[in-house]
Amino acid sequence: MNLILFGAPGAGKGTQSSLLIERMGMTQISTGDLFRAAIKNKTDLGRKAQEFMDRGELVPDLIVIGMVEEVLNKGVKDFILDGFPRTVAQAEALDELLKKMNLSIGKAVFLEVPMSELMDRLTGRRVCRSCGAVYHVKSKPPKKDGICDLCGGEVYQRQDDKAEVIETRLKNYEEFTSPLKAFYKKAGKYVEVDGNRSTEDVFSDIRQIIA
Ligand code: AMP
């Protein structure tokens with residue numbers, strides 16, 4: 001089944017996607033990761049996306065949709081869309097793309113986490129620059145400070161996880177992304193999962209949904 005995982009920044013989309021890849025053999029399409037890779041590789045796409053990302057703003061719809069179309073054209077299956085769509089215009093464009101490709105989304109899973117918790121998760125979040133593993137200064141620090149347990153890469157704080165940028169991201173989420181709940185309810189695909197629990201509890205719900 002193809003899945004959309006959505007929710008506020010810090011809701012756990014990336015963490016749950018990693019488990020779905022590892023345990024269910026699914027393929028993750030994370031627009032945030034794709035943009036970060038493009039920035040690292042200094043591509044045109046990366047240059048276009050960076051200014052928006054650094055400010056915590058959404059990258060314009062046309063750029064994001066073009067990038068997702070390219071990935072879908074490679075013929076992925078059992079995919080998780082993580083961080084896309086983030087606006088109703090993107091959701092509509094996705095419907096069109098999938099229709100053209102004879103594909104569909106089974107469920108749009110919304111991870112519900114209260115705002116107060118999101119702030120703590122995001123300000124404390126650290127990620128591995130090489131493999132993308134996610135850590136937290138309090139609840140899941142790497143064994144050696146600044147070094148990834150999994151690959152030995154550098155563990156750093158994303159520019160957009162700094163307090164001043166987080167505020168913009170959460171505001172944009174409320175304004176542009178939360179209307180997707182109504183969009184997917186109307187489409188009969190919406191499922192809500194309480195994301196304010198342990199990673200394993202959340203995963204167990206998601207696994208049942210896709211079973
Ligand atoms: P994420 O890793 O999902 O938190 O995304 C990091 C940043 O990438 C976001 O704050 C946006 O600037 C940009 N981004 C990722 N996905 C999208 C999207 N679907 N639409 C617009 N901007 C996006």
Side-chain angles (χ1 to χ4, degrees), residues 2-18 20-21 28-41 43-72 79-98 105 108-111 113 115 117-136 155-181 183-184 195:
N2 301 317
L3 202 67
I4 290 172
L5 258 190
F6 74 116
K13 302 181 294 289
T15 302
Q16 293 301 323
S17 294
S18 308
L20 287 163
I21 296 169
Q28 177 193 27
I29 303 173
S30 157
T31 42
D33 284 352
L34 289 169
F35 283 134
R36 278 184 289 277
I39 290 170
K40 199 166 152 190
N41 296 327
T43 66
D44 260 5
L45 177 71
R47 253 190 306 281
K48 281 185 205 150
Q50 182 157 27
E51 53 175 315
F52 297 99
M53 290 175 74
D54 284 350
R55 290 197 300 259
E57 288 167 10
L58 293 181
V59 176
D61 286 338
L62 275 182
I63 298 178
V64 191
I65 292 162
M67 179 175 77
V68 171
E69 181 170 15
E70 236 176 75
V71 177
L72 290 176
F79 57 80
I80 315 148
L81 286 169
D82 160 5
F84 180 91
R86 248 180 167 99
T87 65
V88 169
Q90 290 178 17
E92 286 167 349
L94 174 66
D95 278 353
E96 286 299 310
L97 275 179
L98 293 175
I105 294 293
V109 177
F110 175 70
L111 295 177
V113 175
M115 277 292 161
E117 170 70 16
L118 292 173
M119 209 53 195
D120 180 64
R121 286 190 188 186
L122 289 167
T123 50
R125 177 161 69 180
R126 300 291 182 270
V127 293
C128 172
R129 214 183 270 285
S130 304
C131 74
V134 182
Y135 297 92
H136 188 278
V155 172
Y156 81 116
Q157 181 177 32
R158 274 168 48 175
Q159 154 66 22
D160 59 349
D161 278 346
K162 307 226 158 115
E164 60 280 13
V165 186
I166 290 173
E167 214 171 296
T168 310
R169 290 169 67 205
L170 291 175
K171 209 168 93 247
N172 282 330
Y173 159 75
E174 279 297 344
E175 184 174 350
F176 299 109
T177 309
S178 65
L180 289 181
K181 290 190 214 174
F183 184 92
Y184 286 112

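In listed order, ligands and their atoms are each counted from 1.
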[Y] and [X], any side-chain heavy atoms less than 4.5 Å apart:
X      : Y      : result
Leu94  : Leu81  : yes
Leu122 : Arg169 : yes
Met53  : Gln159 : no
Leu45  : Phe35  : yes

Identity and separation of the nearest protein heavy atom to [atom]:
atom                    : answer
atom 11 (C) of ligand 1 : Glu57 O, 3.5 Å
atom 2 (O) of ligand 1  : Arg36 NH2, 2.8 Å
atom 7 (C) of ligand 1  : Met53 CE, 3.7 Å
atom 20 (N) of ligand 1 : Gln90 NE2, 2.9 Å

Salt-bridge contact Lys171-Glu175 (side-chain N to carboxylate O under 4.0 Å): no
Electrostatic pair Asp161:Arg126 at N-O distance under 4.0 angstrom: no
Shortest heavy-atom approach to atom 1 (P) of ligand 1 - which of Arg86, Arg55, Arg169, Met67: Arg86
Closest to atom 21 (C) of ligand 1 (judged by heavy-atom distance), picking from Ile39, Ile166, Val59: Val59
Mode of Asp82 contact toward ligand 1 - side chain, backbone, both, neither (heavy atoms, under 4.0 Å): neither
Ligand 1-proximal atoms of Leu58, by part, heavy-atom distance under 4.0 Å: both
Check: Thr31 N/O within less than 3.5 Å of ligand 1 N/O: yes
Any N/O pair Gly83/ligand 1 closer than 3.5 Å: yes
Test item, Arg158 contacting ligand 1 (heavy atom, 4.0 angstrom): yes
Row check, Tyr156 ring normal vs Arg158 NZ/CZ: under 6.0 Å, within 45°: no
Chi angles and distances behind the side chain to side chain contact (heavy atoms under 4.5 Å, CB included) call for Asn2, Leu98: CA-CA 11 Å; Asn2 301 317; Leu98 293 175; 6.0 Å; no
